[in-house]
Colleague: 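Quick one: this structure, given as structure tokens, is what I'll be asking you about.
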Amino acid sequence: MSQAREEVIQAACSEEGCCNGSFSEHLPEHFGENVFSLKVMKEMLSPKAYVSIEKTIKEGGKLDASIADEVAEAMKKWAISKGATHYTHWFQPMTGVTAEKHDSFIDWDNAGGIVLNFSGKNLIQGEPDASSFPSGGLRATFEARGYTGWDPTSPAFIKEGPEATTLCIPTFYIGYHGEALDKKTPLLRSMVALSKQVCRLANLFGIDTKGKRAYCTLGPEQEYFLIDKTHYQARLDLVETGRTLFGLKPAKHQQQEDHYFGAIKPRIMGFMEDLDRTLWGLGIPSKTRHNEVAPAQYEMAPIYEDLNSGVDHNMIVMEVMRQLADKHGLVCLLHEKPFAGINGSGKHNNWSVVGPDGKNWLYPGKTPHENAKFLAMLCAVIQAVDSYADLLRVTVATAGNDHRLGANEAPPAIVSIFLGDQLTDIIEQIEKGGAKSSKAGGVIHVGVDALPELAKDTTDRNRTSPFAFTGAKFEFRAVGSNQNPSASNMVLNTIVAEALSDICDQLEADKKAGKNFNDSLQKVLQAIIKKHKRVLYNGDGYIEEWQKEAKKRGLPNFKTTPEALEAIKVKKNIAVLVKHGVLSAKEIQSRYEINIHAYNTVVALEGSCAATMARTQLIPAAIEYQKQLADNIKAVGSLGKTTAQKKVLKEISGLIESAILTSESLEAAVAKHDSAKTVAGMSKLRESIDALEAFVPANIWPLPSYAEILLMNA
């Protein structure tokens, strides 16, 4: 955690046990207590080493290897004081989760005993086995060597275990020939690419960039479900796939809209309080907690941080959520659509750009039409998203997210930009020749004298837009809750860098030709708007008319992951990533192979699980009830009317027959590795099974119902 964030963010710890005093007195003290921060380094390092590492962290300069031993020794002493016995290079392979290999601090003392040792070499470089992680053809099976390298711009932290702690050192992960085998390396490359182009533009504006850099900020809002562990353990689908493959929608779910922002139940509040305390100790600025729309669904939102730390912290957040849920007898579900028929979960990716002047270049100010930096950045984003909407869609293409995109609280698969009334008005003015005014936000009159007037934002929010301007940032709402947000931000950085490069090329050429800068900028922005305004849409993203209009505008609409992933192979998409040094052509191809394999693997796993559950649990339960009903009809005989019962028996028998035949077809599709038929087969099988659940008595049906899972978690 950086010095700046330490000074700005204050978080609280519990009064019980550790504080022993006034709550307010301890607000700053415990935030980041488990982070090897610049503040800690300043206390433990020599002035020379501290100045060097601070420059690397703040300015992105090259690491001075000569200080590595001193930093490592300080880090070891600090970690041991926190109860650490081991250290690990914590990295993000292309599995979508984090990875770690633990080594203890012990070493031989050459006298038959041991000493605690941690060198600069141990800190800077590690070597996990590269053959066992996804590489998409970058590595042969027999080529096992891979390297993890220390990322000094993301602080080391302490992970607590049952008996001791572990020092976690954020690292990048590459192959023997330097190929990126992880999520972090391309992200860091994209940050360099964007900084270079923002600084080019800053120079044209007369802003001093010497020894400075531009960077992005990120605030990923994390949605999740919490359910009782006993319900989770009773469902093979949740255990194996993270989502329910069967389940009849209950009478009550989210239709009364009473869960959203509702009072938080005590058991859930206990989890949230525990989560906040743990995250604060790790230097993660958890800010907001609340009930989400669906029952048993919640959200955590952090304060914005620099992009690299924001991504790392989000990966830690997801891990901590899972661990703490277990402690509270709960299970945290991060799947994008764990329950059919109700809202899924996303990770709203709030992204902005800070220039070398230290200011947010996506902050419009009071008169955005006069803010040239803002308008240039805004138009760069418009050009970037329109030109590479297909590539952005790739970054959110997963088997889980396919179930969510286009449903309630999730944007459609069509990538468009929402600007709101004020910015749309300014864009229209620029297109016509120049922006001369801005619509004011004004105030909202409540109509009750005792109540205050509320400041009115200059734009409303559009919850159906995939890419919305929300004040001083863009919110990419299509990222799935279970995803590492690095890919989306890597692409976003790169395509905006490309748009800025185009803008700077033209402005620099005009400057060389002696043209007026303001006139040149106006013409460049006007041309961008005329060419790329098709991507702007302020309306309802769910309506059928938008689907038709988007097609008419030529906007891509990839509804499934296999469709979307083909965009990786498009020449312009390969070219932009290669041009800015973010991914090589070989690395890009590997991402396609990894992602399509991951999709097919998930689909096959889900199909196999669905068929197994149907064959061994659900169809047998339905047959048992079928027999009971048939026996009852036979026993009643001529003693009473059985017409209605016979009708029910006939319907159940038909559903059982359909379920058996469909499960057989599903198993055949899985065996043939046919993902499309597997997905269709699961959907068809679910129809029969869910219909059977409506008939079979609860004491016979082997699975906890949706009502039990969603409404009985407290």
Colleague: Got a sec, which residues hit side-chain contact (heavy atoms from CB on, under 4.5 Å) with Asn291, two or more places apart in sequence or on another chain?
Modeller: His259, Ile264, Tyr298
Colleague: Name all residues meeting the side-chain contact (heavy atoms from CB on, under 4.5 Å) criterion together with Thr148; count only those two or more places apart in sequence or in a different chain, and write none if there are none.
Modeller: His89, Phe91, Pro128, Thr171, Tyr173
Colleague: For Ser488, check side-chain hydrogen bond (donor to acceptor under 3.5 Å, both in side chains) against everything at least two apart and list the hits.
Modeller: Thr395
Colleague: Under the 3.5 angstrom rule, does the side chain of Thr165 hit a backbone N or O of Lys82 as a donor-acceptor pair?
Modeller: yes
Colleague: Got a second to check how far Thr678's OG1 is from Leu666's CG, nearest 0.5 Å?
Modeller: 6.0 Å
Colleague: Between the side chains of Asp182 and Thr185, does any donor sit under 3.5 Å from an acceptor?
Modeller: yes
Colleague: Can you check whether Ser345's main-chain N or O pairs, donor with acceptor, with Arg404's side chain at less than 3.5 Å?
Modeller: yes
Colleague: Enumerate, atom names and distances included, each donor-acceptor pair closer than 3.5 Å involving a side-chain atom of residues 315-325, sequence neighbours excluded.
Modeller:
from   : atom 1 : to     : atom 2 : distance (Å)
Glu319 : OE2    : Lys159 : NZ     : 2.7
Glu319 : OE2    : Gln323 : NE2    : 3.3
Arg322 : NH2    : Asn482 : OD1    : 3.2

Colleague: Salt bridge (Lys or Arg N to Asp or Glu O under 4.0 Å) with Asp674: which residues, sequence neighbours excluded?
Modeller: none
Colleague: Mind checking salt bridge (Lys or Arg N to Asp or Glu O under 4.0 Å) for Lys229 and listing every partner two or more places apart, or none if nothing turns up?
Modeller: Asp326
Colleague: From Met75 CE over to Tyr87 OH, what is the distance, rounded to the nearest 0.5 angstrom?
Modeller: 12.0 Å
Colleague: Mark yes or no for whether Asn600, through its side chain, and Ile596, through its backbone, hold a donor-acceptor pair below 3.5 Å.
Modeller: yes
Colleague: Would you indicate whether His597, at its atom NE2, is surrounded by more than 12 heavy atoms from other residues, nucleotides or ligands within a distance under 6.0 Å?
Modeller: no
Colleague: Counting only pairs under 3.5 Å, give me each side-chain donor-acceptor contact of residues 241-250, with atom names and distances, residues two or more places apart or in other chains.
Modeller:
from   : atom 1 : to     : atom 2 : distance (Å)
Thr241 : OG1    : Asp237 : O      : 2.6
Thr241 : OG1    : Arg243 : N      : 3.3
Thr241 : OG1    : Arg243 : O      : 3.0
Arg243 : NE     : Glu606 : OE1    : 3.4
Arg243 : NE     : Glu606 : OE2    : 2.9
Arg243 : NH2    : His403 : NE2    : 3.4
Arg243 : NH2    : Glu606 : OE1    : 3.0
Thr244 : OG1    : Pro338 : O      : 2.6
Thr244 : OG1    : Tyr706 : OH     : 2.6

Colleague: Among Glu305, Glu221, Gln483, Gln222, exactly one meets side chain to side chain donor-acceptor pair (under 3.5 Å) together with Asn314. Which residue is that?
Modeller: Gln222
Colleague: Not counting sequence neighbours, list each pair that qualifies as a side-chain hydrogen bond (donor to acceptor under 3.5 Å, both in side chains) and has a residue in residues 654-667.
Modeller: Arg615-Glu667, Ser658-Ser688
Colleague: Taking only residues two or more places apart in sequence or in another chain, which ones pass salt bridge (Lys or Arg N to Asp or Glu O under 4.0 Å) with Arg289?
Modeller: Asp276
Colleague: Does Lys559 use its side chain to pair, donor to acceptor, with the backbone of Ala564 at less than 3.5 Å?
Modeller: no
Colleague: Excluding sequence neighbours, so at least two apart, what forms side-chain hydrogen bond (donor to acceptor under 3.5 Å, both in side chains) with Thr95?
Modeller: none
Colleague: Of all residues at least two apart in sequence or in a different chain, which pass the side-chain hydrogen bond (donor to acceptor under 3.5 Å, both in side chains) check with Lys627?
Modeller: Asp631
Colleague: Using salt bridge (Lys or Arg N to Asp or Glu O under 4.0 Å) as the criterion, list what pairs up with Lys184, not counting sequence neighbours.
Modeller: Asp151, Asp312
Colleague: Does a side-chain heavy-atom distance below 4.5 Å link Phe558 with Val394?
Modeller: no
Colleague: Taking CD in Glu563 as the centre, count heavy atoms belonging to other residues, nucleotides or ligands within less than 6.0 Å. Is the count above 12?
Modeller: yes
Colleague: Evaluate the ring planes of Tyr260 and His290, with Trp represented by its six-membered ring, and classify them as parallel (under 30°), tilted (30 to 60°) or perpendicular (over 60°).
Modeller: perpendicular
Colleague: Between Tyr304 and Lys473, is there a side-chain heavy-atom distance shorter than 4.5 Å?
Modeller: yes
Colleague: Between Phe36 and Ile158, is any pair of side-chain heavy atoms under 4.5 Å apart?
Modeller: no
